Amino acid sequence: MSRALPVNVMSVDVEEHFHVAAFDGHFPRDEWANQPSRVEANTSLLVEMFAAHGVSATFFVLGWVAERYPSLVRRIVAGGHELASHGYAHEPAFRQTREQFAADAMRSKAVLEDAAGCQVLGYRAASFSIVKRNQWAFEELERAGYRYSSSVNPVRHDIYGFPDAPRFNFTPAGTNLLECPVTTLEIAGARVPCGGGGYFRLLPYPVFRWALRQVNASGHSCYFYLHPWEVDPDQPRVDGVSWKSRFRHYNNLHRTEQRLARLLQDFRWTRFDRLLGLAAG
Ligand SMILES: [Zn+2]
C-alpha cells in the first residue's frame, strides 16, 4: 500500500540584495533608499515560476519593502500566495531589545496588512535570529497577533542557529504560538542544514533532493526558503566584503532558477497557513 508523502512548504524571504547579514555594516539603513532596487523584478520572477508550476507559497515580506512597493505585495496575494512578515527593517532579533523587537514585529504586520488588505499570521525573523537567549521573542510575536513563526534554524552556525531547539514544529514555553524550524537532516546524530538559501546553491541538486526526500520519508514536511536576490545573477557586486561573505552570497546564483524549477517539480508544495490549518479560505 502506498502512502502519500508529506506536503512541503515553499517560502520566500522578500528583501533586497543589500539587506542580507553577509553585507552587515556595508549598507547603513539611511542609504537603503539610494541603492538600485532589484526586489520587484526578482520577486515577480518567482511569482511567475510558481504560477507556471501551480505552486502556492508563503512570502515573508520585509515591512520596508512593502512600504515602498505595495503593488508588489498585492501581486503576491493575487497570485494565490500567503503574505507573512519578515520584520520591518531586517534587524536580527538578537541585536534588538525586547521592546525594539516588539515594536518592529507590530510595525511590519501593520504595514503589510495595510498594503494587502488581508491578515498576516506568520513571521520569520531576519537571519533566523530567534536563538536560545532571546526566546522572549516568541511571547512578543504572540502578543503582536502572529499565530506561527518560522524563525529558528536548529543548527550550529556562526551568525545564527539554535542547535538544541527541536527539529520539527514546537510550541515555545508560555505561548500558544507554533514555531516551524527550517528543515534539517540528521545524519549520525549531527544536524545538517538543508532548508534552502546558501545550502541549496552549494550542494549539487541531487544531493539536496535526496536530503529532502529523507525528511519526507521520515513522515515530516520540509520547510524550504529562498530569497529573490538568489535568482538574480546580474545584481551589482559589493566591494570590500570578506571572501566568506562573498562566497555565501554569490555562489551559484546563475544556477538557482533552474534548480528551483526542478525542486518545484520534484516535490509537493503549499503555504504555511494551509499546512498548519490556519488559512481562512
Ligand atoms: Zn532576510
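Keep in mind it's a predicted model, so treat the numbers as computed, not measured. We count ligands from 1, going down the list as the structure has it; atoms in each ligand are counted the same way. When a residue number appears, it is its place in the shown sequence, counting from 1.
Salt bridge present: R98 and E139 bring a charged side-chain N and a carboxylate O closer than 4.0 Å.
For H19 and W32, the ring centers sit closer than 6.0 Å to each other.
Linking ILVMFWY side-chain heavy atoms closer than 4.5 Å, directly or via other members, places L185 and V152 in two distinct hydrophobic clusters.
Here the options are R259, R38, R201, the test is salt bridge (charged side-chain N to carboxylate O under 4.0 Å, His left out), and the partner is E230; only R201 passes.
Protein N/O/S atoms closer to the Zn ion (ligand 1) than 2.8 Å number 3 in this structure.
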Indicate every side-chain donor-acceptor pair of residues 193-200 with a distance under 3.5 Å to a residue at least two apart or in another chain.
none

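Aromatic ring pairs are classed by plane angle as parallel below 30°, tilted from 30° to 60° and perpendicular above 60°; the pair Y148 and F272 is tilted.
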